Amino acid sequence: MKKTLIAVCALALGGMSLSACGSERDSAEDGSITMGFAQVGAESGWRTANTTSIQESAKEAGIDLKFSDAQQKQENQIKSIRSYIQQKVDVIAFSPVVETGWDAVLQEAKRAKIPVVLTDRAVDTEDTSLYVTFIGSDFVEEGEKAGQWLVDNADTSDVDKDGAINVVELQGTTGSAPAIDRKKGFENVISSESNIKITASQTGDFTRDGGKQVMEAFLQSNPKIDVVYAHNDDMGLGALEAIKAAGKKPGTDIKIITVDAVKDGMTALAAGEINFIVECSPLLGPQLMDVAEKVVAGEEVPERIVTEETTFTPEQAKEALPDRKY
Ligand code: GYE
């Protein structure tokens with residue numbers, strides 16, 4: 001199924017003609033496109049790389065980018081989106097910090113005839129006419145890849161060789177698509193394995209500090225931890241510090257699985273302090289600008305654009321590191 005700007009305009013305007021669709025008309029006048037982008041924050045290495053990708057590709061595409069950083073707060077993102085609507089930008093793009101609670105502001109954008117493109121994270125809404133497309137990863141699949149590695153490497157992950165693999169989970173931001181889906185995907189795969197259990201699970205908010213603090217608490221209250229599953233590299237790196245501070249060897253005494261594959265994560269993986277990383281690419285800028293141009297021009301775009309990704313073992317990380325872009 002395809003969604004088009006024509007469909008969005010038609011829904012918004014009822015019987016009015018396509019030429020009356022605001023974003024198309026405005027951009028045609030001087031040929032340039034203005035995009036309002038509401039970013040989540042600067043919580044992780046992934047996010048920094050994502051912001052750079054968006055800013056650089058806007059520049060390359062000649063798109064005038066209005067950028068805001070919500071510091072991981074939904075209310076700030078909503079304020080930015082409202083201000084982009086007031087400024088009558090041609091297209092709004094954003095990475096929703098959490099999945100729910102967007103319908104009202106997206107209705108406002110729709111009424112103002114400004115198309116909305118979701119990037120990186122999804123929203124949970126019944127009304128899919130509120131956005132044109134969603135560009136980003138399949139987070140459930142990422143969680144499944146993490147779980148599959150653990151199932152395939154159960155022998156080596158059973159650190160105390162007692163037959164039971166105790167996993168502690170560091171969740172991303174509560175209510176965010178990647179936290180919900182990476183948890184779900186991991187559980188999908190390990191649930192049929194009776195020896196693998198998640199013994200503790202808490203949010204570290206996708207930050208290094210958050211990962212470190214939660215891991216310190218886990219280490220104090222859980223005497224037997226075989227594996228850490230962190231929803232991103234930064235929290236895994238924080239956990240790694242906590243494990244070292246507790247006098248244990250990360251990657252050996254406690255295995256670590258993470259998601260992202262940013263440079264710092266890959267460096268720790270190559271050094272054997274992390275055991276497996278599922279890649280999640282932050283380089284969404286070029287695709288976003290391409291889609292924005294098409295949407296503003298009234299061309300068709302697919303309603304879902306999935307990012308292609310791989311996984312890394314320590315050996316593969318060593319090979320990939322010299323050319324790693326983020
Ligand atoms: O994995 C994490 C970041 O939404 C995919 O957000 C993104 C996640 C990424 O903070 O590092």
Side-chain angles (χ1 to χ4, degrees), residues 8 12 22-23 34-55 58 64-137 139 170-183 202-211 213-214 231-232 234-235 238 260 280 282 284-285 288 292:
V8 172
S23 57
T34 302
M35 172 188 285
F37 189 92
Q39 181 59 293
V40 169
E43 73 281 4
S44 64
W46 190 99
R47 189 64 54 197
T48 309
N50 179 244
T51 292
T52 305
S53 169
I54 285 156
Q55 289 172 334
D64 176 20
L65 182 72
K66 298 181 188 296
F67 183 91
S68 59
D69 171 341
Q71 296 177 328
Q72 298 238 67
K73 292 202 176 72
Q74 182 174 33
E75 68 213 67
N76 291 344
Q77 275 194 313
I78 291 176
K79 268 187 214 151
S80 301
I81 294 170
R82 290 216 164 105
S83 115
Y84 296 146
I85 296 171
Q86 266 180 356
Q87 294 171 58
K88 297 189 167 57
V89 297
D90 297 305
V91 54
I92 291 172
F94 81 117
S95 172
V97 59
V98 291
E99 279 191 336
T100 54
W102 299 103
D103 282 49
V105 73
L106 294 184
Q107 290 284 1
E108 290 167 32
K110 185 172 165 178
R111 275 197 296 275
K113 298 148 211 151
I114 300 174
V116 173
V117 176
L118 302 179
T119 108
D120 159 32
R121 296 185 185 176
V123 300
D124 182 3
T125 176
E126 307 242 300
D127 185 357
T128 53
S129 78
L130 294 176
Y131 58 88
V132 185
T133 183
F134 165 40
I135 308 168
S137 311
F139 298 133
L170 297 169
Q171 295 183 40
T173 301
T174 306
S176 71
I180 294 168
D181 291 352
R182 286 173 186 166
K183 180 172 186 48
Q202 214 176 294
T203 181
D205 214 11
F206 279 132
T207 67
R208 208 172 280 211
D209 255 18
Q213 281 172 29
V214 174
H231 289 186
N232 78 343
D234 279 80
M235 291 190 297
D260 275 356
C280 177
L284 304 176
L288 172 61

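Just so it is clear, the model here is predicted, and its values are computed rather than measured.
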Tell me whether [X] contacts the main-chain N or O of [Y] through its side chain, where contact means a donor paired with an acceptor under 3.5 Å.
X	Y	value
Q87	S83	yes
T203	D205	yes
N76	D69	no
S176	V98	no
W46	N232	no
Q77	S95	yes
S53	G285	yes

How long is the straight-line distance from [atom2] of [Y] back to [atom1] of [X], given to the nearest 0.5 Å?
X	Y	atom1	atom2	result
L106	R111	CG	CZ	11.0 Å
R182	Q171	CZ	CD	12.0 Å
Q202	Q213	CD	CD	10.5 Å
Q107	L130	CD	CG	5.0 Å

Residue pair [X] / [Y]: nearest heavy atoms and the distance that separates them:
X	Y	result
A109	I92	CB-CD1, 4.4 Å
A38	S68	CA-OG, 3.6 Å
A179	H231	O-CE1, 3.2 Å
S44	F206	CB-O, 3.7 Å
A122	P96	O-CG, 3.6 Å
L288	I135	CA-CD1, 3.7 Å

L284/N50 under side chain to side chain contact (heavy atoms under 4.5 Å, CB included): CA gap, chis, key distance, verdict: CA-CA 7 Å; L284 304 176; N50 179 244; 4.0 Å; yes
Are D120 and R47 close enough, and set up right, to give a side chain to side chain contact (heavy atoms under 4.5 Å, CB included), and what steps lead you there? CA-CA 10 Å; D120 159 32; R47 189 64 54 197; 2.8 Å; yes
Do [X] and [Y] come close enough that some side-chain heavy atom pair is under 4.5 Å?
X	Y	value
E126	D103	no
R121	V97	yes
T207	D234	no
K110	S129	yes
V40	Q72	yes

Output all residues satisfying side chain to side chain contact (heavy atoms under 4.5 Å, CB included) with Q55, sequence neighbours left out; order by chain, then residue number.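 Checked Q55 against side chain to side chain contact (heavy atoms under 4.5 Å, CB included); matches are T51, L65, F67.
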With side chain to side chain contact (heavy atoms under 4.5 Å, CB included) as the criterion, how do V89 and M35 come out once you've worked through the C-alpha distance, each side chain's angles and the decisive distance to 0.1 Å? CA-CA 6 Å; V89 297; M35 172 188 285; over 6 Å; no
For residues 72-98, which residue pairs qualify under ring pair (Phe, Tyr, Trp, His ring centres under 6.0 Å), counting only residues two or more places apart or in two chains?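 Applying ring pair (Phe, Tyr, Trp, His ring centres under 6.0 Å) to every pair that reaches into residues 72-98, excluding sequence neighbours, yields F94-W102.
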